[in-house]
Amino acid sequence: MNTTMNKTRLNKKFYNRELLTVAIELLGNILVKKDGNKILAGRIVEVEAYNGDTDSAAHTFTGKTKRNEVMFNEGGLLYVYFTYGAHHCCNVVTGIEGKGTAVLIRAVEPSEGIDTMIQNRFKRELFNAKEIFNLTSGPGKVCSAFSIIKNHSGIDLTGNKIYLVKSKLKKHEKIGVSKRIGITRSVDLPWRFFIEDNPYLSRK
DNA sequence: CCACGGATTGGCT
DNA sequence: GCCAATCCGTGGA
């Protein structure tokens, strides 16, 4: 049987805590999407935190709009946005209701439903073994592989469609910290967190 | 109504 | 390493 059913999910209590704590503790847990019988799953290996209260790089910094309103809700919801005319990115809403805080999932290590992910992303077979490291190593790639689009924005992550399953970091794994990638404001905040030396990171 | 540019990616040089 | 693709959310007129 698969490895992701009948395991403990992250609950509301987990999500409704301070942003950076949740961002760091999300590392190692498993993102799961269920489409009928089909399960897609991957361990979160890279995230970034965004805080609309203090952080001018956050979508929510300039206030509530139709696009970002999900981010102002209580923790435990999925926030999906569309960018560069091409890509979706998914976030875990967290922190305090009304602040507009969320954690961007930047990369996962695929663990289940990998054939489906390959089809979703490349519409073909892999050319070579190394290409697996290009499957979910970036926020747009994760959404492509999991077929997560903005219609999924607002989904409750404690529900049955898209959810997170508890999983601990391995003993040898260490958490790395860096500045966030691809932004033009608040560029110096050290709010990117990742599992050091994991081969599925968006950057080495 | 219109113009701008982005929490990215992949293809080409 | 550089840059175009591509579209829609956002903000100003």
Side-chain angles (χ1 to χ4, degrees), chain A residues 15 19-20 22-24 26-27 31 42 44-73 75 77-95 99-110 117-155 157 162 164 176-195 199-204:
Chain A
Y15 297 111
L19 171 67
L20 298 184
V22 177
I24 290 164
L26 276 172
L27 292 173
L31 172 67
I44 298 172
V45 298
E46 178 180 340
V47 298
E48 284 178 358
Y50 288 88
N51 181 354
D53 234 18
T54 59
D55 163 18
S56 57
H59 289 166
T60 45
F61 186 68
T62 52
K64 193 180 285 191
T65 65
K66 191 160 191 179
R67 178 206 201 193
N68 68 24
E69 62 184 352
V70 172
M71 263 182 84
F72 288 94
N73 287 308
L77 299 185
L78 185 70
Y79 166 54
V80 184
Y81 65 89
F82 184 68
T83 192
Y84 290 105
H87 309 291
H88 293 274
C89 298
C90 71
N91 302 253
V92 175
V93 177
T94 185
K99 298 279 190 193
T101 48
V103 180
L104 172 67
I105 298 178
R106 285 194 57 89
V108 306
E109 176 179 331
M117 291 188 204
I118 291 168
Q119 276 306 313
N120 286 344
R121 217 171 102 56
F122 301 124
K123 316 287 184 217
R124 55 160 173 78
E125 305 290 306
L126 291 190
F127 287 141
N128 59 61
K130 282 185 181 173
E131 224 182 356
I132 190 79
F133 300 115
N134 187 35
L135 187 57
T136 52
S137 55
K141 297 176 187 178
V142 170
C143 281
S144 173
F146 279 72
S147 286
I148 293 174
I149 58 172
K150 59 183 176 164
N151 295 24
H152 296 114
S153 200
I155 280 182
L157 289 169
I162 300 174
L164 294 177
V177 181
S178 77
K179 294 176 185 177
R180 296 172 296 180
I181 292 170
I183 55 174
T184 55
R185 286 167 293 197
S186 297
V187 292
D188 289 329
L189 288 174
W191 284 4
R192 172 174 174 255
F193 306 100
F194 54 95
I195 299 177
Y200 295 89
L201 297 177
S202 68
R203 300 199 176 176
K204 303 290 181 202

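Every value quoted in this text rests on a predicted model; they were computed, and no experiment measured them. Within every chain, numbering begins at 1; the chains are lettered A, B, ... in the order of the sequence lines, protein sequences first and strands thereafter.
Rounding to whole angstrom units, NE2 of residue A/His59 and P of B/dA7 are separated by 4 Å. Computed from coordinates, the A/Tyr50 OH to B/dG6 P distance equals 13 Å when rounded to whole Å.
Judged by distance alone, with hydrogens and angles left aside, the side-chain atoms of A/Asn91 form no donor-acceptor pair with the main-chain N or O of A/Ala102 at under 3.5 Å.
Side-chain proximity of A/Lys141 to B/dG6, B/dG10, B/dA7: nearest is B/dG10. In this structure, the nucleotide among B/dG6, B/dT9, C/dT10 sitting nearest to the side chain of A/Thr83 is B/dG6. The side chain of A/Thr62 has C/dG11 as its nearest neighbour among B/dT8, C/dG11, B/dT9. The side chain of A/Asn68 has C/dT10 as its nearest neighbour among C/dT10, B/dG10, B/dA7.
C/dT6 makes up no base pair with any nucleotide shown, lacking Watson-Crick or G-U wobble contacts both under 3.5 Å.
The side chain of A/Lys150 contributes an N or O atom lying less than 4.0 Å from OP1 or OP2 of C/dG9.
Taking 3.5 Å as the limit, the base of B/dA7 and the side chain of A/Tyr81 contain a donor-acceptor pair of atoms between them.
The closest side-chain donor-acceptor pair between A/Arg121 and A/Ser144, if any, does not fall under 3.5 angstrom.
For the pair A/Ala86 and A/Thr65, nearest-nucleotide mapping onto DNA chain C gives the more 5' position to A/Ala86. Residue whose closest nucleotide on DNA chain B sits further toward the 5' end, between A/Leu104 and A/Arg121: A/Leu104. Nearest-nucleotide positions on DNA chain B place A/Phe82 closer to the 5' end than the other of A/Val142 and A/Phe82.
Spacing between B/dG5 and C/dC3 at atom C1', rounded to whole Å, works out to 15 Å.
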